[in-house]
2 protein chains.
Amino acid sequence: MKPVTVYDIAREANVSVATVSRVLNNTAPVKASTRERIMNLIQKHQFQPNALARSLIKKETGMIGIILPDITNPFFPEVLAGLEQEARSNGYTFFLCDTGSSNQDHNVQYQRESEYLNILMEKQVDGIIMIGGRIDLAKCSREMVKEVAEVNKRLPVVLINGNLPGAKFHRVIVDEISGAKRATEHLIGLGHKDIAFIGGYKQMSNTVQRLEGFCLAMEQAGMPVREDWIITGGFSVDAGKAFLNALLAMGGPRPTAIVCANDLSAIGAIKAAVKSGLRVPDDLSVIGFDDIPLAANVIPELTTMSLKCLELGRTAASILHLLISRGEDTNELTTLQPELVVRESTAPPRARG
Amino acid sequence: MKPVTVYDIAREANVSVATVSRVLNNTAPVKASTRERIMNLIQKHQFQPNALARSLIKKETGMIGIILPDITNPFFPEVLAGLEQEARSNGYTFFLCDTGSSNQDHNVQYQRESEYLNILMEKQVDGIIMIGGRIDLAKCSREMVKEVAEVNKRLPVVLINGNLPGAKFHRVIVDEISGAKRATEHLIGLGHKDIAFIGGYKQMSNTVQRLEGFCLAMEQAGMPVREDWIITGGFSVDAGKAFLNALLAMGGPRPTAIVCANDLSAIGAIKAAVKSGLRVPDDLSVIGFDDIPLAANVIPELTTMSLKCLELGRTAASILHLLISRGEDTNELTTLQPELVVRESTAPPRARG
DNA sequence: GCAATTTATGAAACCGGTTACTGTTTACGA
DNA sequence: TCGTAAACAGTAACCGGTTTCATAAATTGC
């Protein structure tokens, strides 16, 4: 069964395709009786205009591409939900491009991102949003910046939490430094003096910045930063476990509190601590970063810095919409402040025995 | 700057567009020197063929649509990852359609699903995968089945965990009944006699089936099912908390074990139990359903039935690919068995005081 | 009542590719 | 050397819409 086209409708209604198009788009006056006749035929045949054909000539597809490194990381669905909320009201639909970075090396990821950038351009998306992944690498090669810049010359690109150095992109970012600083100050305010930092990758900008915030808070409080109490190398629960165990294995006085680069590693740290007989928060305070949905649901509930992912997504979508629809030049940089969410995993240190 | 087209390349290479197309698609022999000349121009101008134009005539887009109710529910990203893995190798890209059902009433969700179905068809996707949502409602109206059936006449549709009654669709489902039965048997095998069931929505087929499996196991073990120990009305953590509190508020002997309709409500139940001074699993065993990523990471680690979401996704994607590429008729129904994952939240009951 | 608009519609070009059809060369076997 | 098949390339139709331009009919103003 051939799909029905404007021509079929036009023929049966004894009008030209132009007229059919006009009633479809309300783009010019059409006699009421004609309009009704056409509408009825559309209804009768369940006619649906072919979006490809329409987009081909209108040069807009209503599609936006989203490139992210790992959809199973709970941070991304949250951002996605924000994007969706905002973009739906503007009539966009999403291409989801998951580069599946979680268990790949960086080169594979880069290649996937390049691939997806090309595919998205071929599909004529109206704009692209990139979250995490390569754009989160503090030290990413010049070719990559150049490649994204090249794309950005053809269509709007918005980076979320992105940090492609040496190039101008529209970005909406979280103030990681200030966030980590406030997280650390929360612990200091509780009376902790021996604070460690674990999690993340030193090559990634979010880690670098969170670490910077941590150090900043410590310095301002006049407290020394112990280099061996800074352990990075992963964002996962297992990484968190390993880091905490490493911390305990050092011997000597252990930290009474830990700032984690993200919630997942915080959860891992808590698990490892509990396994080792420490109680959280009584013996060890742990603060996370991200506020993923389950942070509120682990035991003990995790104190963390909320990234307000929904807002991150919504903001990015609305900026992209502005760029697409009016080519309008909005602020190049939008900064969102993370928010301290105090739950159960942090408390004043117990007096040492 | 106008995008470059095959015509531009053809003109500059002194050939016809047909020849350019031939080197692009390797669809007919082209003289080596000509080919090279064209390739160089493509390279030089960064030419990317317009996928819309191509799809318009080829009648295939390489796009598949995914309709799901709530991307922030961790079950769906997991399935999505499976879909992506499989589909990427076949060159498909995804439209993500989140109906955002979590905080909407059913009617809104239905409407959104209809909308998305239409949009996807207009965009000429090659196929559609529907997960959860309306298709999970045991009692869904005739119009809805009809609507999806109508879509299915035009392009392949695969349902994941779907149960549109009275119509033939390709489906890949999890054997919920047998899964819940085995979960319950696990508890019975540990020596539990007083077992409750909480979570889910009675209108949804997965809940109905999980409950059925629960009752089946109890009956076969010759144990009575207490109606007032079956509490439904939600899948969330908060729902789980509320259900457990309701259970405790009943007075009289409390259950020593609980089968939960999903992991989230299981986590809620554990939280509420711990708040009430019960220890898990010592005082109360809890088993979940789904095996979301964080099930392994809460404290205590959650014993649950793994849905093998990745496999679910991969299977659906490969079936859809078969349907698209060869119109081949695969099995209409593929059933996957959930797998018992024993962790820390279940143990033999303690002797009653 | 007639010129000037406005309304209503059709013909045809266009978007950017693919491909069926056709024609010209070249290669190869006898 | 000739005939035939394969290699190579171009012309034009096509996919299914939108939109410009032109034209005819209906309104409006004076």
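The sequence lines fix the lettering, A, B, ..., with proteins before strands; numbering per chain opens at 1. Nothing here was measured: the structure is a model prediction, and the numbers come from that model.
Using a distance-only test at 3.5 Å, with no hydrogens or angles considered, a donor-acceptor pair links the side chain of B:Ser325 to the main chain of B:His321. Remark: side-chain polar atoms of B:Lys123 are paired, donor with acceptor, to backbone N or O of A:Thr61 under 3.5 angstrom. Panel note: side chain B:Arg88, backbone A:Asp98; a donor-acceptor pair is recorded below 3.5 Å. At distances below 3.5 Å, at least one donor-acceptor pair connects side-chain atoms of A:Asp126 with backbone N or O atoms of A:Gly62.
Using bins of under 30°, 30° to 60° and over 60° for the plane-to-plane angle, the ring pair A:Phe95/B:Phe95 lands in the parallel bin.
A:Asn73 pairs by the side chain to side chain donor-acceptor pair (under 3.5 Å) definition with nothing, not counting sequence neighbours.
Near DNA chain C, meaning a heavy atom under 4.0 Å away, there are no residues from residues 34-44 of chain B. Applying a 4.0 Å cut-off to non-hydrogen atoms, none of the residues of residues 119-128 of chain A approaches DNA chain C.
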- Spell out protein contact along nucleotides 15-26 of chain C as letters: B when the base is contacted, S when just the sugar-phosphate is, - when no protein heavy atom is under 4.0 Å; keep the 5' to 3' order. BBBSB-------

Output a table of donor-acceptor pairs, distance under 3.5 Å, between side-chain atoms of residues 47-54 of chain B and any protein atom two or more places apart or on a different chain; print 'none' if there are none.
residue	atom	partner	partner atom	Å
B:Gln48	NE2	A:Asn118	OD1	2.7
B:Asn50	OD1	B:Leu52	N	2.7
B:Asn50	OD1	B:Ala53	N	3.3
B:Arg54	NH2	B:Asn25	OD1	3.3

Under 3.5 Å, side-chain donor or acceptor atoms of residues 28-38 of chain B against the rest of the protein: list the pairs with distances, not counting sequence neighbours.
residue	atom	partner	partner atom	Å
B:Arg35	NH2	B:Asn26	OD1	3.1
B:Arg37	NH1	B:Ala13	O	2.2

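Considering all non-hydrogen atoms of both residues, A:Ile131 and A:Phe76 come closest at CG2-CE2, 3.6 Å.
A salt bridge links B:Lys153 with B:Glu150: at least one charged nitrogen is closer than 4.0 Å to a carboxylate oxygen.
If you check every strand for non-hydrogen atoms under 4.0 Å, B:Asp8 touches nothing.
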